[in-house]
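Heads up: the structure comes next, in structure tokens.
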Amino acid sequence: MAVLGWGVAFLLFFPILWMFLVSFKTESEAILPGLFFTPTTQSYAQVLDRADYLNFALNSVVISVGGTVLALAFAIPAAYVMSFHPGKRTRGTLLWMLSTKMLPPVGVLVPIYLIFRQLNLLDSRTGMIIIYALMNLPIIVWMLFTFFKEVPKEILEAGRMDGAGTADEVRHILLPLTLPGIASTGLLSLILCWNEAFWSLNLTTSTAAPLTAFIASFSSPQGLFFAKLSAASTMAVAPILIFGWLSQKQLVQGLTFGAVK
Amino acid sequence: MDSTTATASTAPAKSLRRREFNGLPLIAPSVGVLLLWMIVPLVMTLWFSFLRYNLLDPTVSGFAGLDNYRYLVADANFWVSILNTLLLIGSVLVVTVVGGVLLAVLFDQDFPGRNIARLFAVAPFFVMPTVAALIWKNLILHPIYGIFGSFAVLLGVEPIDFFGQYPLLSVILIVSWEWTPFAFLILLTAIQSLDREQLEAARMDGAGAFAQFFYIVLPHLSRAISVVVMIETIFLLTIFAEIFVTTAGGPGNATTNLAFLIYARALLQFDVGGASAGGVVAIILANIVAAFLVRSIARRLEI
């Protein structure tokens with residue numbers, strides 16, 4: 001069983017492992033299947049030397065973090081109301097929010113592109129932050145709702161009896177209690193933003209282009225260098241792979257909207 | 001007695017009600033932006049789909065009625081793209097669900113280092129689509145420089161030019177690799193909630209491994225499988241990056257799915273009207289799946 005389990009895991013992981021190995025080869029070694037070579041970091045140096053690489057990486061960080069923070073700012077108050085003061089319409093609102101996530105991006109590509117062009121948001125970080133926040137808002141509200149619901153109402157009510165206003169209640173009682181949940185929600189949102197490759201390929205060209213778009217630039221035949229592609233890819237994938245490993249459990253919850261437990 | 005308790009309990013309730021919580025200001029921003037995000041582009045897509053509208057050619061203008069849809073339906077490329085979309089979704093679903101179930105059963109067993117092995121197995125899901133596609137295309141599937149090519153030479157057979165000969169299959173392979181861990185993770189979560197005593201009882205009654213799997217495990221997973229199928233369908237309907245960086249829809253239209261067709265109409269040919277008509281088709285297809293998914297999730301939702 002162990003052999004089978006590890007064998008399957010190895011097969012699935014192999015492309016990533018191979019990418020990692022090739023990234024330490026020279027370009028002439030990279031096109032050969034050899035396993036024995038003197039590791040070199042020259043491809044990393046060459047990728048990092050490209051004046052624009054840091055700009056791509058910075059864009060990825062800024063728009064992923066920006067989109068996540070913006071979405072959390074909208075989602076926390078909404079999730080608070082829905083979990084602690086549910087009304088007749090709460091159920092419907094939650095399900096409706098979920099349904100907005102199911103609108104296929106390609107169905108609204110044309111209007112979003114035209115609106116962005118009109119507002120000068122094409123190829124801008126602001127534009128991408130807005131798109132990413134909206135894209136993940138339904139998932140974030142849902143996840144926060146499930147985390148908030150686990151907090152006993154009595155704890156918040158006790159605070160209210162002591163005269164705490166809503167803002168105090170949220171800031172001093174709810175947020176500290178649910179910090180792990182909020183953190184993993186944020187982590188999932190970061191992963192989804194970082195790897196997003198529909199809007200980033202269609203709405204950015206250079207100024208605001210993140211790493212997904214940078215990697216795509218390796219697809220042209222004249223730009224194809226295996227070792228450099230591998231080095232750039234390894235750097236693009238590594239941080240998010242670690243985040244992903246940390247948040248597997250929440251990922252299942254978040255991506256299935258609590259439908260699978 | 002009854003009346004005293006009644007007044008005692010209504011008094012604090014009343015004072016709470018007097019401070020009836022008004023959550024509207026807190027929830028309105030989220031609802032508002034999502035409403036804008038959904039309604040405005042939706043209405044625009046619908047409206048554009050009835051217009052003659054080309055971004056580069058201002059002489060193309062005016063109301064087109066149903067012409068955009070008529071051209072779309074008459075265009076062989078459209079039907080090829082629908083077929084490719086369905087083939088892509090169908091194949092990836094079969095591969096990822098079967099693979100995911102097998103992996104879930106395997107990783108439900110105890111073996112040394114299971115948790116570490118699981119980390120490696122789920123890793124592909126966290127690889128960004130453009131990286132996944134280019135690594136597979138160049139380092140793995142390339143007929144001369146890729147691993148598969150090297151193996152072919154080693155075995156003395158003709159290397160297969162995957163993207164030249166089987167472009168759609170190659171895309172399916174890459175997308176399946178990305179999504180199998182997703183199915184696996186969800187099905188593993190589901191399988192772990194299986195009642196062990198039930199399996200034990202079945203074993204006592206002499207049920208073999210296959211009988212246990214088909215009569216107990218698989219029915220238990222059916223709900224999770226349907227959720228996986230629906231969520232994947234919604235994402236797979238608009239697979240774009242993997243095609244964009246490997247084949248650009250080609251050769252010819254061999255790997256053009258609906259998403260790529262709409263992209264090409266809109267941003268390569270600047271035909272807003274035609275692209276919007278395609279967009280409406282994509283929205284309708286997604287909504288059919290979404291209706292099932294929302295209903296299935298609603299059943300589990302407790303407020």
Side-chain angles (χ1 to χ4, degrees), chain A residues 1-2 4-6 8-9 12-13 15-16 18-19 22 31 33 74-75 77-78 80-81 85-86 90-91 95 97-100 102-112 134 137 141 195 197-198 201 212 215-216 218-219 226 229 233 236-237 240-241 244-245 248 252 256-260, chain B residues 21 23 26-27 29-30 33-34 37-38 41 44-45 48 106 109 111-112 114 117 119-121 123-124 126-131 134-136 138-140 145 147 150 185-186 189-190 224 227 234 237-238 240-241 244-245 259 262 266 272 275-276 279 282-283 286 290 294 296-298 300 303:
Chain A
M1 209 50 89
L4 196 58
W6 275 97
V8 174
L12 279 167
F13 192 69
I16 302 172
W18 191 246
M19 162 185 90
V22 172
I31 54 172
F74 275 88
Y80 162 78
V81 173
H85 305 280
T90 298
R91 191 187 164 81
L95 290 172
M97 282 187 166
L98 170 72
S99 71
T100 67
M102 303 187 185
L103 192 64
V106 73
V108 293
L109 169 65
V110 175
I112 295 292
L134 287 167
L137 188 55
V141 170
N195 288 344
F198 179 77
L201 288 174
T212 42
I215 300 291
F218 279 91
S219 61
F226 286 13
L229 165 67
S233 298
V237 167
I240 229 59
L241 188 54
W245 280 340
Q248 281 179 66
V252 173
T256 58
F257 301 98
V260 174
Chain B
F21 188 82
L26 295 178
I27 204 167
S30 287
V33 292
L34 279 179
W37 163 243
M38 195 172 98
M44 282 173 79
T45 298
F48 289 154
L106 180 60
Q109 322 291 319
F111 62 82
R114 176 178 65 165
L119 287 184
F120 286 113
F126 303 113
V127 173
M128 55 175 66
T130 46
V131 166
L134 286 179
I135 293 297
W136 270 94
N138 298 311
L139 300 188
I140 312 283
Y145 306 129
I147 287 283
S150 306
L185 262 181
I186 287 174
T189 309
V227 170
I234 285 167
L237 190 61
T238 54
F240 174 77
F244 180 80
V245 297
I262 296 169
V272 171
S276 298
I283 291 169
V294 171
S296 155
I297 288 167
R300 267 288 175 111
I303 302 284

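Just so we're on the same page: letters track the sequence lines, and every chain starts at 1.
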> When only pairs under 4.5 Å are counted, which of V272(B), V245(B), N138(B) shares the most heavy-atom pairs with chain A?
Replying inline: N138(B)
>> For a quick test of reading the model, state the closest non-hydrogen atom pair linking W136(B) to P15(A) and the distance between them.
In response: CZ2-CG, 3.6 Å
>> Ignoring hydrogens, what is the shortest heavy-atom contact between R91(A) and A298(B)? Give both atom names and the distance.
In response: NH2-O, 2.8 Å
>> Counting heavy-atom pairs closer than 4.5 Å to chain A, which one of I140(B), L185(B), L139(B) comes out on top?
In response: L139(B)
>> Please give me the minimum heavy-atom distance between P111(A) and M44(B), naming the atom from each residue.
In response: CB-CB, 3.6 Å
> Are side-chain heavy atoms of I112(A) and W37(B) found at a separation under 4.5 Å?
Replying inline: yes
> Excluding sequence neighbours, so at least two apart, what forms ring-ring contact (aromatic ring centres under 6.0 Å, His included) with F120(B)?
Replying inline: F13(A)
> Taking all atoms of both residues into account, what is the closest heavy-atom pair of S30(B) and F74(A), and its distance?
Replying inline: OG-O, 2.8 Å
> Counting heavy-atom pairs under 4.5 Å to chain B, which of L137(A), V8(A), V22(A) comes out on top?
Replying inline: L137(A)
>> Would you say that L134(B) contacts S233(A) through its side chain, given a criterion of any heavy-atom pair below 4.5 Å between the two side chains?
In response: no
> For chain A, which of L34(B), V33(B), T238(B) has the most heavy-atom pairs under 4.5 Å?
Replying inline: L34(B)
> Where do A282(B) and P104(A) come nearest, in terms of heavy atoms and distance?
Replying inline: O-CG, 3.7 Å
>> The criterion is side chain to side chain donor-acceptor pair (under 3.5 Å); which residues satisfy it with T130(B), sequence neighbours excluded?
In response: none
>> Less than 4.5 Å apart, side chain to side chain, heavy atoms only: is that true for V127(B) and M19(A)?
In response: no
>> Counting heavy-atom pairs under 4.5 Å with chain A, which one of I234(B), I262(B), I135(B) comes out on top?
In response: I135(B)
> In terms of heavy-atom proximity below 4.5 Å to chain B, should A236(A) be classed as side chain, backbone, both, or neither?
Replying inline: both
> Side chain, backbone, both or neither: which part of L4(A) has a heavy atom under 4.5 Å from chain B?
Replying inline: both
>> Walk me through whether L26(B) and Y80(A) qualify under side-chain contact (heavy atoms from CB on, under 4.5 Å).
In response: CA-CA 8 Å; L26(B) 295 178; Y80(A) 162 78; 3.9 Å; yes
>> Which atoms of I215(A) are under 4.5 Å from chain B, going by heavy atoms: the side chain, the backbone, both sets, or neither?
In response: both
> Between A123(B) and W245(A), which heavy-atom pair has the shortest distance, and what is it?
Replying inline: CB-CZ2, 4.0 Å
> Looking at V141(A), V110(A), I240(A), L109(A), which has the largest count of heavy-atom pairs under 4.5 Å with chain B?
Replying inline: V110(A)
> In terms of heavy-atom pairs under 4.5 Å with chain A, which of V294(B), L237(B), I147(B) leads?
Replying inline: I147(B)
> Do you know which of A275(B), S150(B), A266(B) has the most heavy-atom pairs with chain A at a distance under 4.5 angstrom?
Replying inline: S150(B)
>> Please classify the contact between L201(A) and chain B as side chain, backbone, both or neither, with a heavy-atom cut-off of under 4.5 Å.
In response: side chain
>> Does any backbone or side-chain atom of L134(A) lie under 4.5 Å from a heavy atom of chain B? Answer side chain, backbone, both or neither.
In response: both
> Under 4.5 Å between any side-chain heavy atoms of N195(A) and P129(B), yes or no?
Replying inline: yes
